[in-house]
Amino acid sequence: MMMRIGRQKAQSSAICTSDADSITVRGRDLTTDIIGHMDFTAYFWLLVTGQEPDEQQSFFLNAILCALAEHGLMPSVITARMTHAAAPESLQGAVAVGLLGCGDVLMGSVELAGRFYDECIADQQASGGTAEGAARRGIARLRDAGQPIPGFGHPLHTGSDPRADLLLRLAREQGVGGAHVAMLYAIRDLLPGALGRSLPINVNGPIAAIMLDLGFPPSALRGIALLARTAGLIGHLTEEQERPIGFLLSDKAAEAVSYDGPLPR
């Protein structure tokens, strides 16, 4: 018996179909229009949006994927390498473990940033006011809820995130900057007064703002981080096979955490 949860009217997909002689992806023939004619970054944009990217869209998506693919022994990488050490036959399992760790604190926060900027822009449009006013109200809402300001602050890059700085400079140089980038700057300028201290823009802020201003779907923002981090994880897991450190990482974790539970009687 088939079980359905909720009403589902769609009975088709617009992404791909195939027959004995051809494969069609988003209206393009895979072998004559895509392979050898389109790089993977442009292909990813096509898969997600149904449209081929223009030069700016492709440039910034490529730059952002490079910015996010690698940042050292982050929790997602550590868990992936330890998993591979314990189950070396399961590369896909280790990659999956690493991706599952890309949540609202690390990697997935680009989606939170995009959602917050969208909310502030909607507030600005509804009120007919300024970006500064909407940003101030947005910051207050998050502060009242005890939530961090997405796209700001970094535990390592406490003064300035070089990735964010570069992406914003590239956006200025190429004339990319609509309502979302403007809102990002409005929030930045208000934070010292709201928090009593300034916070650097981290890489998630420009990624969300630039990609949304370029027309990328908000619902797919986290997918950019997942795609980029997959490349980094495969690099780490390849090295894990050649120069294993997974069990060393596990041992260091055991050394760093002491037991404070009850002792046996």
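Using a distance-only test at 3.5 Å, with no hydrogens or angles considered, no donor-acceptor pair links the side chain of Asn204 to the main chain of Ser109. At distances below 3.5 Å, not a single donor-acceptor pair connects side-chain atoms of Gln174 with backbone N or O atoms of Gln56.
Separating the CE atom in Met74 from the OG1 atom in Thr79 is a distance of 11.0 Å, to the nearest 0.5 Å. Rounding to the nearest 0.5 Å places CG of Leu112 at 11.5 Å from CD1 of Ile149. Leu237 contributes atom CG, which lies 10.5 Å from atom CD of Gln92 (distance to the nearest 0.5 angstrom).
We find that Glu111 and Arg115 are joined by a salt bridge, their nearest charged nitrogen and carboxylate oxygen being less than 4.0 Å apart. Under a 4.0 Å N-O distance rule, the pair Asp123/Arg141 qualifies as a salt bridge.
Sorted by first and then second residue, the ring-ring contact (aromatic ring centres under 6.0 Å, His included) pairs involving residues 165-215 (not counting sequence neighbours) form an empty list. For the salt bridge (Lys or Arg N to Asp or Glu O under 4.0 Å) condition, the pairs that include at least one residue of residues 52-79, sequence neighbours left out, are Arg28-Glu52. Applying the ring-ring contact (aromatic ring centres under 6.0 Å, His included) rule to pairs touching residues 204-227 yields Trp45-Phe216, sequence neighbours excluded.
Ring-plane geometry between Phe44 and Phe40 is classed as parallel, the angle between the planes falling under 30 degrees on a 0 to 90 degree scale with a further cut at 60.
Remark: the Arg137 side chain and the Ser127 side chain contain an N/O donor-acceptor pair separated by less than 3.5 Å.
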Exercise for review: Apply side chain to side chain contact (heavy atoms under 4.5 Å, CB included) to Arg197 and Leu199, showing your working.
Suggested key: CA-CA 7 Å; Arg197 60 191 175 98; Leu199 286 178; 3.1 Å; yes
